[in-house]
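Inspection log for the structure reproduced underneath, given as structure tokens.
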Amino acid sequence: MPYVIASPCVDTMDRSCTEECPVDCIYEGDRKLYINPKECIDCGACEPVCPVEAISQDRRVEDDDEAFVADNRAFFELALPGRGEPLGAPGGSHKVGALGVDTPMVADL
């Protein structure tokens with residue numbers, strides 16, 4: 001997974017990153033944004049525009065936010081609450097719009 005959005009995004013969701021992403025791989029949950037690891041092209045355009053510095057490469061995530069690496073992947077690979085199947089890689093966040101649901105880890109914060 002090239003880039004991950006970690007804890008500073010929770011309850012902030014500035015969305016500047018979504019405007020910079022050339023492949024539309026940043027999806028909106030209820031309290032946080034998530035980068036689709038299968039759609040991200042590892043360009044890094046999202047990282048410098050995040051005003052709360054929530055985005056980093058998965059291997060450079062702060063120690064306190066290490067759990068967000070697996071959690072970001074889970075957003076796309078597991079059926080989220082209220083959804084019958086995993087989101088997977090639908091080909092762009094604008095196709096699906098705001099999902100209004102987070103992973104259990106983020107929802108419980």
Side-chain angles (χ1 to χ4, degrees):
M1 180 182 317
Y3 282 83
V4 173
I5 299 176
S7 65
C9 184
V10 176
D11 296 329
T12 301
M13 291 199 309
D14 174 76
R15 295 177 190 84
S16 296
C17 57
T18 62
E19 296 169 18
E20 292 297 318
C21 180
V23 294
D24 193 29
C25 72
I26 302 173
Y27 292 74
E28 185 176 338
D30 184 41
R31 301 176 60 198
K32 179 185 168 303
L33 301 171
Y34 301 82
I35 296 175
N36 192 315
K38 292 186 177 179
E39 296 174 354
C40 179
I41 60 171
D42 201 19
C43 69
C46 57
E47 186 176 15
V49 298
C50 180
V52 294
E53 299 180 357
I55 303 172
S56 65
Q57 290 179 318
D58 63 346
R59 61 189 173 274
R60 291 187 12 234
V61 172
E62 297 289 331
D63 290 342
D64 293 347
D65 282 340
E66 188 66 36
F68 283 91
V69 175
D71 188 68
N72 191 82
R73 182 177 284 115
F75 186 82
F76 301 97
E77 294 178 354
L78 303 177
L80 298 169
R83 297 184 61 89
E85 59 187 39
L87 181 59
S93 66
H94 285 91
K95 286 183 176 181
V96 297
L99 294 168
V101 64
D102 288 299
T103 59
M105 184 184 109
V106 172
D108 290 343
L109 291 176

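- Residue Cys17 holds its SG atom at 5.0 Å from CG of Leu33, rounded to the nearest 0.5 Å.
- Note on Val52 and Ile5: separate hydrophobic clusters, where clusters join Ile, Leu, Val, Met, Phe, Trp and Tyr whose side-chain heavy atoms are under 4.5 Å apart, directly or indirectly.
- In this structure the side chain of Cys21 never reaches within 4.5 angstrom of the side chain of Ile35, judged on heavy atoms.
- Residues Tyr3 and Ile55 approach most closely at CD2-CG2, 3.8 Å, considering heavy atoms.
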Which atom pairs, one a donor and one an acceptor, fall under 3.5 Å between side chains of residues 80-94 and the rest of the protein, sequence neighbours left out?
| from | atom 1 | to | atom 2 | distance (Å) |
| --- | --- | --- | --- | --- |
| Ser93 | OG | Asp24 | OD1 | 2.6 |
| Ser93 | OG | Ile26 | O | 3.0 |
| His94 | ND1 | Asp24 | OD1 | 2.6 |
| His94 | ND1 | Asp24 | OD2 | 3.1 |

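- Minimum interatomic distance between Leu109 and Arg31 (heavy atoms only, all atoms of both residues): O-NH1, 2.9 Å.
- Tyr34 and Asp102 share a donor-acceptor pair across their side chains, judged by distance under 3.5 Å alone.
- Under the rule for a salt bridge (charged side-chain N to carboxylate O under 4.0 Å, His left out), the partners of Glu77 that lie at least two apart in sequence or sit in another chain are Arg73.
- Applying the side chain to side chain donor-acceptor pair (under 3.5 Å) test to Ser56 and every residue at least two apart in sequence or in another chain returns nothing.
- Pairing each heavy atom of Ala54 with each of Cys9, the nearest pair is CB-N, 3.6 Å.
- Met13 approaches Lys32 most closely through the heavy-atom pair SD-N, 3.2 Å.
- When the salt bridge (charged side-chain N to carboxylate O under 4.0 Å, His left out) test is applied to Glu47, the partners found at least two apart in sequence or on another chain are Arg60.
- Considering only heavy atoms from C-beta on, Phe75 stays 4.5 Å or farther from Val106 through its side chain.
- Listed by chain and number, the residues in a side chain to side chain donor-acceptor pair (under 3.5 Å) with Ser16 are Asp14 (sequence neighbours excluded).
- Met105 is connected to Val61 through a chain of hydrophobic side-chain contacts under 4.5 Å among Ile, Leu, Val, Met, Phe, Trp and Tyr, so both are in one cluster.
- Contact annotation: the side chain of Ile41 approaches that of Pro22 to within less than 4.5 Å [non-hydrogen atoms, C-beta and beyond].
- Under the rule for a side chain to side chain donor-acceptor pair (under 3.5 Å), the partners of Thr103 that lie at least two apart in sequence or sit in another chain are Asp71.
- Hydrophobic clustering of Ile, Leu, Val, Met, Phe, Trp and Tyr side chains at less than 4.5 Å, counting indirect connections, keeps Leu99 apart from Leu78.
- A single hydrophobic cluster is seen to contain both Phe76 and Val69, as judged by linkage of ILVMFWY side chains at heavy-atom distances under 4.5 Å, directly or through other members.
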